[in-house]
**Student:** 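I have a structure here, written as structure tokens, and I will follow up with some questions on it.
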Amino acid sequence: MTRDVQRDPQSLISRRTIVQGLAMAAGATVVGSSDALAQQGGQLGPPTTITTPPRDFGPNGAPTTYFWDPDIIAVDPSFNDFAQPNTSIKRLYTGLLWAEGPAWSAQGRYLVWSDIPNNRQMRWTEDDGRVSVFRMPSNNSNGNSFDFQGRQLSCEHLTRRVVRYEHDGTSSVLADNYNGKKLNSPNDVAAHPDGSYWFTDPPYGGQLYEGEPDGPGGPSNAGGKLNPRIGQPAGFVPGKRELPTNCYRIDPSGRLDIVVTEEQVPDPNGLTFSPDYKKLYVVSTGKGPGDTGPGGKGDVHVFDVGADNKLSNQKLFSDFIIDGVNCGPDGVRCDVNGNVWASSNAGRHVGYNGVTVWNPAGKLIGRIRLPEVCGNICFGGPKRNRLFMAASQSLYAVYTATQGAGPG
């Protein structure tokens, strides 16, 4: 049944106009042009990390995605080829003290990551989304990864070493000293196809919160007021920092070589190889506890990797200053296209914490905004097309339109 109704032509809005308006709003959200409006209290679409009240990322939160997640921003149109539409950022778990080191087990189809201050590793299983304690104590492990044989690698703050968990349930110490001097606190590790392992060794494990301070007189306990034995098992012997903050390569033979010195990249943190393993990216972060060295500036350096495993042609990949904000990188990963995905610690600059994405030339192409500082990331899932983000107290994930390069 129909009937004619007289209406003011000025009030008529066609369905096509509405659809076009929504499409334009969605497109504006993707390229980030809605930022200013959102900060002023207006909304072109669903809530974001910078709206009031803030967005609820939890499983019971209201839907927030029309077509593009409003907190996935294409700074450059090329990012639309790598970001996945019709998907949204999900908080998978919360209740951690400081989440770090996510790594994906392709064989087990689970994610393992570190909760450093709680001295444990956690596991998220892909089939049912269950989260459980995977390993406790973990020796305040930080970075984790998997090698080409599917074995887990972990960097331990407390014991100042890199370990590998074997398939038969045993564990092996891969490195704990260089020329007889104890390592500082290995942070992140990456496997190479030739069987070697590359890792960074900054001083952050010397914090009371994330490991153990030095013994009295050490750089992180110069006044000797802290007692590093409190909370540790009987017989625990605290160490003192003895080495600069270098990057190392563990040869398949077991030999340990310096590949990047403190002078080249002070306070190295995350590291990753390009998909062809011809480049190595190394993050340089701020000074650690008791650090008297030059200290990093929150940037990323890139090196050419030679056939002899020697690095050359060091360049500043990016200073990670975005809109005047230092989006300090920590963990980094490459996708199969060579783009660099980096966690972002922008402190109290709401809307800049999360993940930044850069093309191989060092150009910012995209951002993922999270409501928490992000410490580290990795690609995983059955198709390796899901980005997992360990952010402060929580674990987040979002599907992408690309795949992570390399294992772990």
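What you see is a predicted model, and the numbers here were worked out from it, not measured in a lab.
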**Student:** Verify side-chain contact (heavy atoms from CB on, under 4.5 Å) between Val265 and Gln314, making sure each step is shown before the conclusion.
**Tutor:** CA-CA 10 Å; Val265 181; Gln314 177 182 358; 3.9 Å; yes
**Student:** Tell me the ring-ring contact (aromatic ring centres under 6.0 Å, His included) pairs involving residues 358-408, sequence neighbours left out?
**Tutor:** Phe57-Tyr396, Trp104-Phe388, Trp124-Phe388, Phe320-Trp358, Trp341-Phe379
**Student:** Without swapping roles, check the side chain of Asp115 against the backbone of Leu97 for a donor-acceptor pair under 3.5 Å.
**Tutor:** yes
**Student:** Can you tell whether the side chains of Arg369 and Asp71 come within less than 4.0 Å, N to carboxylate O?
**Tutor:** yes
**Student:** Compute whether any side-chain donor of one residue and acceptor of the other, for Asn142 and Tyr204, lie under 3.5 angstrom apart.
**Tutor:** no
**Student:** Can you check whether Gly296's main-chain N or O pairs, donor with acceptor, with Thr285's side chain at less than 3.5 Å?
**Tutor:** no
**Student:** Can you check side chain to side chain donor-acceptor pair (under 3.5 Å) on Tyr277 and Asp194, steps first, answer last?
**Tutor:** CA-CA 10 Å; Tyr277 290 87; Asp194 68 2; over 6 Å; no
**Student:** Would you say Asn177's side chain and Gly180's backbone share a donor-acceptor pair under 3.5 angstrom?
**Tutor:** yes
**Student:** Do other residues, nucleotides or ligands put more than 12 heavy atoms under 6.0 Å from Lys182 NZ?
**Tutor:** yes
**Student:** Between the side chain of Ser185 and the main-chain N/O of His157, is any donor-acceptor distance below 3.5 Å?
**Tutor:** no
**Student:** Which atoms form the tightest heavy-atom contact between Thr87 and Gln84, and what is the distance?
**Tutor:** CG2-O, 3.1 Å
**Student:** Does Arg333 come within less than 4.0 Å of Asp335, counting only side-chain N to carboxylate O?
**Tutor:** no
**Student:** For the pair Tyr281 and Phe317, name the ring-plane relationship: parallel under 30°, tilted 30 to 60°, perpendicular over 60°.
**Tutor:** perpendicular
**Student:** So, the side chain of Asp308 versus the backbone of Lys310: is there a donor-acceptor pair under 3.5 Å, distance only?
**Tutor:** yes
**Student:** Please check if the side chain of Asn187 supplies one atom and the backbone of Thr200 the other of a donor-acceptor pair under 3.5 Å.
**Tutor:** no
**Student:** If you define the side chain from C-beta out and look only at heavy atoms, does anything of Leu243 sit under 4.5 Å from Leu183?
**Tutor:** yes
**Student:** Between Ser196 and Asp251 (side chain of the first, backbone of the second, donor and acceptor by atom type, cut-off under 3.5 Å), is there such a pair?
**Tutor:** no
**Student:** Got a sec, which pairs hit salt bridge (charged side-chain N to carboxylate O under 4.0 Å, His left out) with one end in residues 264-279, sequence neighbours left out?
**Tutor:** Lys279-Asp304
**Student:** Does either side chain, that of Ser141 or that of Ser114, offer a donor lying less than 3.5 Å from an acceptor on the other one?
**Tutor:** yes
**Student:** Of all residues at least two apart in sequence or in a different chain, which pass the salt bridge (charged side-chain N to carboxylate O under 4.0 Å, His left out) check with Arg160?
**Tutor:** Glu212, Asp214
**Student:** Have a look at Trp198 and tell me which of Val260, Asp188, Leu311, Thr272 forms a side chain to side chain contact (heavy atoms under 4.5 Å, CB included) with it.
**Tutor:** Leu311
**Student:** Would you find a donor on one side and an acceptor on the other, under 3.5 Å apart, between the side chain of Ser394 and the backbone of Ala391?
**Tutor:** no
**Student:** Under a 4.0 Å N-O cut-off, is there an ion pair linking Arg164 with Glu166?
**Tutor:** yes
**Student:** Quick check: does any side chain N or O of Thr125 sit under 3.5 Å from a backbone N or O of Asp127, one acting as donor and the other as acceptor?
**Tutor:** no
**Student:** Looking only at side-chain N and O atoms, does Asp201 offer a donor or acceptor that is under 3.5 Å from a partner on Asn184?
**Tutor:** yes
**Student:** Within a strict 4.5 Å, meaning less than it, do heavy atoms of the Asn246 and Tyr178 side chains meet?
**Tutor:** no
**Student:** Heavy atoms, side chains only, cut-off 4.5 Å: are Phe146 and Gln107 in contact?
**Tutor:** no
**Student:** Under 3.5 Å, side chain of Glu210 to main-chain N/O of Asn140, donor-acceptor pair present?
**Tutor:** no
**Student:** Please name the residue in the list Pro244, Ser284, Pro268 that meets the side chain to side chain contact (heavy atoms under 4.5 Å, CB included) test with Glu262.
**Tutor:** Pro244
**Student:** Any side-chain donor paired with an acceptor under 3.5 Å for Asn144 and Ser154?
**Tutor:** yes
